[in-house]
Amino acid sequence: MSVPQDIIDKAKAGDINSCFELGQIYAMGSNDVEVDEKQAFDWYMKAAALGHTLAEYVIGNCYENGIAVKKDPHESIVWYSKAALKGNTESHEALERIFEDSSVPTDRKIFAYYKKKADEGCPSSEYMLGAFYNIGIGTEFNASEAYRMFCLSADQGNVDALCMKGLCTLRGTGTDRNRTEGAAILKEAADRGSVKAKCELGRCYEYGNGVNKDPEKAFGIYSAMADKGICMGQYHVGRCYMDGVGVNTDPIFANSWYSVSYNNGCVYAEYGLSRCYMGGVGVERDKEKGLELANDAAEKGCTDAMIMLAQLYIKGKTVKKDEKKAVEWYKKAADLGDPYGEFMTAENYNYGTGYKKNPAKAAYYYERSADHGYSLASHMIGNMYISGTGVEKDETKGFNYCKRSAEDGFNKSIYIVAECYARGRGVKRDMKKAFELHSLLGERNYAKSQLFVANCYMEGDTGAVDRNDKKAFEWYMKGAENDNAICQYYVGYCYANGVGTKADEQKALVWYTRAAEKGHTLSKQIVEGYTGKKVIVKGEGSPFDSYMFSAENGDPESMFIIGRYYEEGIGTEKNLQEAKKWYNKAATVGHFGAKKALLRLRNQKHSSE
């Protein structure tokens with residue numbers, strides 16, 4: 001039959017699959033269509049330029065063997081590399097074959113080639129240039145340039161670039177983070193046939209990134225891919241059965257799907273099988289076989305396998321502990337753009353694990369990891385920009401990075417953002433926002449924020465809230481019970497002066513003493529002036545002497561502890577009478593533990609009689 005008109009129309013309109021299908025029709029021929037290698041090549045090229053993986057492989061094959069075009073080993077390497085980067089097994093094999101017979105072009109030469117083609121407006125080269133900027137191949141890592149190139153390529157219809165634009169938007173790579181918009185772009189790319197976009201969209205539903213969390217929907221996406229014979233879909237179905245994502249765990253199904261995917265050339269499935277052998281999932285446990293598969297998958301570029309090997313070498317149970325190998329595997333994963341690998345490499349440089357401490361390199365990898373969406377890395381690099389550690393000080397950048405991890409619920413980042421609003425560091429001063437965030441943390445039992453909220457209520461002229469002594473006292477008490485020395489001092493102050501509560505000299509002394517024992521200078525002066533005795537700061541004297549000082553100043557918890565010390569002979573001679581005396585003092589002021597201790601001693605006495 002002749003070429004269907006609807007395929008021609010769709011291909012001319014830029015439909016990627018129709019372009020590839022036309023290439024196939026002209027390459028294979030039929031009763032009604034003569035073989036036309038030139039036409040086939042032209043349509044394959046259009047499909048490849050739009051990001052069709054198999055078309056990229058075919059173009060590489062044409063340049064390698066001189067089909068419809070002059071032989072050009074360099075061009076064949078370029079096109080094979082594009083497909084191999086997306087996991088095409090045939091392209092990997094072709095590159096191995098070519099590299100056995102010729103020298104490997106340097107990363108910088110390949111980058112220069114793509115730069116030249118991208119400058120000429122080639123969408124697939126713009127995509128590849130974005131990929132190189134995204135992980136620093138042949139050039140410096142540059143998140144902004146990566147995003148810009150992906151956008152340029154996507155605007156010309158390249159579906160892989162559209163997928164990466166969505167990922168960048170989802171993660172905040174070179175652009176403002178917008179998870180909802182990122183997920184929507186991924187769906188558009190998935191609907192246009194991008195395998196990677198389908199996998200990433202599934203991940204969005206697994207974790208609730210930019211969409212409502214729906215593991216069952218994720219499993220449905222992977223299953224639809226698997227049913228079409230897509231090996232990455234088959235891998236993810238195996239993973240879902242292994243980890244119980246959207247479906248009940250089933251070790252037999254997990255192992256079977258991994259095997260199918262592996263036989264179809266999926267490197268990640270080899271990693272999945274290594275997990276099966278190591279854990280005895282759907283197969284008899286064989287750690288040696290699992291380790292062999294993990295190493296092979298890692299050598300082929302599977303970053304998940306690299307991370308697993310690094311963790312195994314750190315733990316030293318399945319394999320002999322080897323810090324050097326662990327940091328090497330983390331670094332390999334990092335250099336391929338794995339966010340967790342980048343974070344761990346930053347940690348290793350930061351703390352001197354396997355490397356000499358290097359704040360600048362730590363900052364470099366923290367920033368890469370943050371730009372690739374790892375929340376804890378955003379906190380770390382944000383801190384470094386605010387303090388100027390390993391990077392040039394930039395409080396605005398620091399605030400923006402910490403704001404990302406704060407939005408992800410990381411308490412330490414929320415505190416930093418709140419402090420930035422309070423002090424106007426990297427952002428316009430806004431006491432209401434500062435108060436709002438500190439209040440949130442205070443409810444989460446964050447003592448420093450409880451102090452901030454209490455101070456706002458006590459001062460009342462900060463622009464955050466009106467003065468309210470009662471609320472100030474309540475928040476100071478929260479912080480004091482949370483062991484914050486400054487809050488303990490202020491609780492003492494409130495009791496001493498009747499601020500927000502009824503004046504109570506004895507209670508004031510108790511809280512001043514607690515603060516003094518933590519080294520609070522003003523509290524020490526108050527207590528020593530009142531009692532005439534030197535305060536023993538905890539950690540400087542014996543625990544017994546320290547608790548005795550607090551107990552004599554009316555602290556119920558310290559009374560109970562002194563009772564236990566006398567009962568058990570901790571830091572002093574055993575003395576049951578003294579134990580009962582101190583338990584009784586604590587019980588008199590309502591200490592529940594002391595009441596139970598007295599009851600226990602009474603029951604022991606009766607049973608012995």
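- Atom-to-atom distance recorded for Glu505:CD and Asn497:CG is 11.0 Å, nearest 0.5 angstrom.
- A donor and an acceptor atom, one from each side chain of Asn350 and Tyr366, are located under 3.5 Å apart.
- The closest side-chain donor-acceptor pair between Glu567 and Tyr583 falls under 3.5 angstrom.
- A side-chain N or O of Asp371 and one of Tyr401 form a donor-acceptor pair less than 3.5 Å apart.
- Not less than 6.0 angstrom separates the ring centroid of Tyr495 from the ring centroid of Tyr490.
- No side-chain donor from either of Arg203 and Asn209 sits under 3.5 Å from a side-chain acceptor of the other.
- To the nearest 0.5 angstrom, Ile185 atom CD1 is 12.5 Å from Phe150 atom CZ.
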Please report, to 0.1 Å, the donor-acceptor pairs under 3.5 Å made by any side chain of residues 430-440, with sequence neighbours excluded.
unit_1, atom_1, unit_2, atom_2, d
Asp430, OD1, Lys432, N, 3.2
Asp430, OD1, Lys433, N, 3.1
His438, ND1, Ser449, OG, 2.8
His438, NE2, Glu419, OE2, 2.9
Ser439, OG, Phe435, O, 2.7

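- For Tyr489 and Tyr512, the ring centers sit closer than 6.0 Å to each other.
- Counting only N and O atoms by type, the side chains of Gln488 and Tyr493 include no donor and acceptor under 3.5 Å apart.
- For the residue pair Glu557/His591, the side-chain donor-acceptor check at 3.5 Å is satisfied.
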Item to check | Trace of the side chain to side chain contact (heavy atoms under 4.5 Å, CB included) decision for Thr345 with Tyr349 | outcome: CA-CA 6 Å; Thr345 299; Tyr349 276 119; 3.8 Å; yes

Checklist entry - Can you check side chain to side chain donor-acceptor pair (under 3.5 Å) on Tyr476 and Asn455, steps first, answer last? => result CA-CA 8 Å; Tyr476 282 134; Asn455 283 341; 2.5 Å; yes

